[in-house]
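Structure first, commentary second.
Atoms within each ligand, like the ligands themselves, are counted from 1 in listed order.
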Amino acid sequence: MDPRPFRSVLYIPGSKERALEKAQNLAADAIIFDLEDAVAPEEKANARTLLARTLAEADYGRRAKLVRINALSTEWGADDVAAMAAARPEAILLPKVDNPDDIAALANKLDSRSETAKTRIWAMMETPRGILNAAAIAAAPRMAGFVLGTNDLAKDLGCRVGPGRVVLQTALQTCLLAARAAGIVAVDGVYNAFKDEDGLRAECEEGRDLGFDGKTLIHPAQIAIANSVFAPTADEIDLANRQIAAFDAATAEGQGVAVLDGKIVENLHVASARRLLARAQAIETLEGAV
Ligand code: COA
Ligand code: MG
């Protein structure tokens, strides 16, 4: 799995010059430059040109850069892929993925040019078919991440989403299972009410507790909350260090398990502790570099 953090993944409409410029100085871990639904049909061609130029010239530091293209079944998809080849985003985010054939079709196009021979693919998980095929999609060659498209999914399901997103839990957890089984990143869907900080925090906490790596965002004001909720806390870091120390001490005495704060510490806890510390380190590295 990608060792970099994906706590905050900000969508930027590829047509909005001001937002594209501003994002160079925003603290998002990753950016999705969007050519799909945030761009109106009559703006598609201009957005594609503007984005290709911006990606070639602007400096987004060490943040992960993804471009969401239009589906290959649309009139824009093939041109989007061709235009992005020179800009070399590390990944193309493919919308409305239904099955692994959609991934293979994009992979074929990327293979046909040397500039994109190594470009990874991320998939929007946002259709009922896509959710049902999540395991096969996650395991497809070149796949590196899932982004949940909860608005599109709710539309297709005809469900009413309330606090706690009970009606989406099956889909969210199916995607998490598939992503973890394949060892790829999984990022939660957006929170639409971008001025409601308490609501955003609650939904970030829910996503974190489910196991997502981070949340997709629509507005810069959402970045700080996602960064804080999806980062390990000081208490978690302290506990991880103490678990490792306790386990090492027990091992040195020939014991297979340790006890810390009245709780058992086994190999698996040590593995989780090491992963948490690696995540904290990756966040520190990114924040020091951008
Ligand atoms: N990325 C980067 N910068 C953004 C941004 C984004 N997603 N959204 C807003 N900004 C910038 C604006 O350019 C503005 O910058 P400035 O004050 O320096 O000129 C500043 O943040 C404040 O913007 P604000 O006036 O509060 O927002 P708005 O009312 O103009 O726009 C949205 C609100 C929701 C329409 C807008 O944030 C947006 O388009 N978000 C992305 C939507 C999207 O990509 N959807 C697809 C996936 S769901
Ligand atoms: Mg969508």
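For N133 and D98, the side-chain atoms include no donor-acceptor pair closer than 3.5 Å.
Only protein atoms were considered; those of element N, O or S under 2.8 Å from the Mg ion (ligand 2) number 2.
Of all protein heavy atoms, the one closest to atom 44 (O) of ligand 1 is Y11 CB, 3.3 Å. For atom 19 (O) of ligand 1, the nearest non-hydrogen atom of the protein is R18 NE, 3.0 Å. The protein non-hydrogen atom at the shortest distance from atom 34 (C) of ligand 1 is F194 CE2, 3.6 Å. At the shortest separation from atom 22 (C) of ligand 1 among protein heavy atoms lies H219 NE2, 3.9 Å. Protein heavy atom closest to atom 5 (C) of ligand 1, with residue, atom name and distance, is P220 CD, 3.4 Å. The closest protein non-hydrogen atom to atom 17 (O) of ligand 1 is K22 NZ, 4.3 Å.
Remark: side-chain polar atoms of E203 are not paired, donor with acceptor, to backbone N or O of D198 under 3.5 angstrom. For the pair S8 (side chain) and N227 (backbone), a donor-acceptor distance under 3.5 Å is absent. With hydrogens and angles disregarded, no donor-acceptor distance shorter than 3.5 Å links the side chain of D213 to the backbone of F6. Using a distance-only test at 3.5 Å, with no hydrogens or angles considered, no donor-acceptor pair links the side chain of R63 to the main chain of A30. Without hydrogens or angle criteria, E36 side chain to I69 main chain gives no donor-acceptor distance under 3.5 Å.
Distances from atom 32 (C) of ligand 1 to the protein include no heavy-atom value under 4.0 Å. By the definition of a contact as any protein heavy atom under 4.0 Å away, atom 29 (O) of ligand 1 is not in contact. For atom 25 (O) of ligand 1, the protein comes within 4.0 Å by no heavy atom at all.
When only interatomic distances are considered, the shortest N/O to N/O separation between D34 and ligand 1 does not fall below 3.5 Å. Not one N or O of R68 is nearer than 3.5 Å to an N or O of ligand 1, by distance alone.
Residue contact check for ligand 1: P13 places a non-hydrogen atom closer than 4.0 Å to it. Distances shorter than 4.0 angstrom occur between a heavy atom of K16 and an atom of ligand 1.
Comparing N25, I218, I223, L10 by heavy-atom distance to atom 42 (C) of ligand 1, the nearest is I218. Nearest residue to atom 2 (C) of ligand 1 from A38, A221, G14, A19 is A19 (criterion: closest heavy atom).
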*Under the ring-ring contact (aromatic ring centres under 6.0 Å, His included) rule, what do Y60 and F33 come out as? Steps first, then yes or no, please.*
CA-CA 12 Å; Y60 291 96; F33 299 96; 5.1 Å; yes
All N/O donor-acceptor pairs, side-chain side in residues 74-92, below 3.5 Å, sequence neighbours left out:
from	atom 1	to	atom 2	distance (Å)
T74	OG1	A71	O	2.7
T74	OG1	W76	N	3.3
T74	OG1	G77	N	3.3
D80	OD1	R48	NE	2.7
D80	OD1	R48	NH2	3.3
D80	OD2	N70	N	2.9
D80	OD2	N70	ND2	2.7
E90	OE1	K65	N	3.4
E90	OE2	R4	NH1	2.9
E90	OE2	R4	NH2	2.7

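Rounding to the nearest 0.5 Å places CG of L217 at 9.5 Å from CD1 of I225. Expressed to the nearest 0.5 Å, how far NZ of K16 lies from CG of L50 amounts to 12.5 Å.
Pairs of residues two or more places apart, or lying in two chains, that qualify as side-chain hydrogen bond (donor to acceptor under 3.5 Å, both in side chains) and include a residue from residues 105-116 are D111-R142. The stretch residues 50-59 participates, sequence neighbours left out, in no side-chain hydrogen bond (donor to acceptor under 3.5 Å, both in side chains) pair at all.
Cluster annotation: V39 and Y11 are assigned to distinct hydrophobic clusters (Ile/Leu/Val/Met/Phe/Trp/Tyr, side-chain heavy-atom contacts under 4.5 Å, transitive).
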